[in-house]
Trainee: 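One structure follows; several queries about it will come next.
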Amino acid sequence: MIRADVKESVGQYLSGLMETELTRFLGRAPYPRAEQDSNHRNGSYRRSFTMKGIGKVRVRVPRDRQGQFSTQVIPRCQRYEKALQEDLCLVFLSGVSTRTLSLISEKLIGRRVSPEEVSKASEKLVEAVEAWRQRDLSREPIKYMYIDGTLFRMRVAKEVNKVPVLVAIGVTASGHRTVLGLQSGDKESAVSWREFFKDLKGRGLDASQVILGSMDGLPGLEKVFSEE
């Protein structure tokens, strides 16, 4: 009963916010109307929106006669909030299949998420990660670098396997640590490390500012680091 009351209250609150938005958009309250007004209220339509920690709430989205109003309270064509979308992505990346996640989502968030929705959400996450991985490194000089290879559990096709990944962590002049790059590759391969360092330099890393590199005794790594 408490959950139902909370959902209803949140739905009413969001609906009220959107009504206030429309009032500001039109420049007048619901009933007053002037002869020169070319646009006015045109009822509303029902839709649902799933929120983290609350579940699926039902709201009324107001409309204007000319179809110019667009609410900022609930994104158009989005059925659940961004925080919940990120959680679904993390569960998916941890190894839960889209079909299994679809089956358990109704219990977790109050509505069933289709496998297609999970796939689309994960694609957005991949785009964000890729943008971060290719970001500019020229803004602050790096003085020290920690370099190593490790294994990450990754979803490849329909299976989750351990994939070797090359990692570089930099320390700036102010002592701030930041992950410079992640790239799949064999840590025993000098060729893989050379390509990895070329990518870092291509994104703006100033190798002349690096005064110390810390690494394991991997074959060829120290030589490649010195050369690059």
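Values reported hereafter were calculated over all heavy atoms of this structure, with side chains retained and with hydrogens, waters and symmetry mates removed.
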Trainee: Search all heavy atoms of Met145 against all heavy atoms of Ala168 and return the closest pair with its distance.
Mentor: CE-CB, 4.1 Å
Trainee: Take Val210 and Tyr144 through the test side chain to side chain contact (heavy atoms under 4.5 Å, CB included) and record every step on the way to the result.
Mentor: CA-CA 6 Å; Val210 180; Tyr144 311 104; over 6 Å; no
Trainee: Is there a side-chain contact between Tyr45 and Val61, using heavy atoms and a 4.5 Å cut-off?
Mentor: yes
Trainee: Could you state the interatomic distance from CD1 (Ile169) to CD1 (Ile142), rounded to the nearest 0.5 Å?
Mentor: 11.0 Å
Trainee: Just so I know, are the side chains of Val171 and Lys143 near enough to count as touching, which here means a heavy-atom distance under 4.5 Å?
Mentor: no
Trainee: Start with the C-alpha distance between Thr23 and Arg41, add both sets of side-chain angles, then the distance that settles side-chain hydrogen bond (donor to acceptor under 3.5 Å, both in side chains), and finish with yes or no.
Mentor: CA-CA 9 Å; Thr23 296; Arg41 284 172 166 78; 2.5 Å; yes
Trainee: Starting at CZ of Phe49, measure out to CG of Leu14 and round the result to the nearest 0.5 Å.
Mentor: 8.0 Å
Trainee: Are Val167 and Leu151 connected, step by step, through hydrophobic side chains (Ile, Leu, Val, Met, Phe, Trp, Tyr) whose heavy atoms are closer than 4.5 Å?
Mentor: no
Trainee: Is Arg194 reaching over with its side chain to a backbone N or O of Val191, donor-acceptor style, under 3.5 angstrom?
Mentor: no
Trainee: Could you measure the distance from the CG atom of Leu17 to the CD atom of Gln72? Nearest 0.5 Å is fine.
Mentor: 12.5 Å
Trainee: Using 0.5 Å steps for rounding, measure from the CZ atom of Arg135 to the OG1 atom of Thr178.
Mentor: 4.5 Å
Trainee: Would you check if the side chain of Arg203 reaches a backbone N or O of Leu180 as a donor-acceptor pair within less than 3.5 Å?
Mentor: yes
Trainee: Starting from the C-alpha separation in whole Å, work towards a yes-or-no answer on side chain to side chain contact (heavy atoms under 4.5 Å, CB included) for Ile147 and Leu221.
Mentor: CA-CA 9 Å; Ile147 308 157; Leu221 175 55; 4.3 Å; yes
Trainee: With sequence neighbours left out, what residues match Phe69 under ring pair (Phe, Tyr, Trp, His ring centres under 6.0 Å)?
Mentor: Phe25
Trainee: Between CZ of Arg139 and OG1 of Thr172, what distance do you get to the nearest 0.5 Å?
Mentor: 14.0 Å
Trainee: Determine whether a donor-acceptor pair (N or O, by modelled atom type, separation under 3.5 Å) exists between the side chain of Ser15 and the backbone of Arg60.
Mentor: yes
Trainee: Between the main-chain N or O of Ser138 and the side-chain N or O of Asp206, is there a donor-acceptor pair closer than 3.5 Å?
Mentor: no
Trainee: Calculate, to the nearest 0.5 Å, the distance between atoms OH and CG belonging to Tyr146 and Leu212 respectively.
Mentor: 8.0 Å
Trainee: Determine whether Arg47 and Val59 satisfy the following criterion, side chain to side chain contact (heavy atoms under 4.5 Å, CB included), listing intermediate values before the conclusion.
Mentor: CA-CA 6 Å; Arg47 64 165 293 191; Val59 299; 3.7 Å; yes
Trainee: Compare every heavy atom of Leu182 with every heavy atom of Phe196, then report the nearest pair and how far apart it is.
Mentor: CE1-N, 4.1 Å
Trainee: Could you pull out the closest heavy-atom pair between Val57 and Lys7, with the gap in Å?
Mentor: CG1-O, 3.6 Å
Trainee: Tell me the closest heavy-atom pair linking Arg63 and Ser44, and the distance in Å.
Mentor: NH2-O, 3.5 Å
Trainee: Who passes side chain to side chain contact (heavy atoms under 4.5 Å, CB included) against Glu130, sequence neighbours left out?
Mentor: Arg133, Gln134
Trainee: I want to check something: taking the side chain as every heavy atom from C-beta on, are Phe225 and Trp193 in contact at a cut-off of under 4.5 Å?
Mentor: no
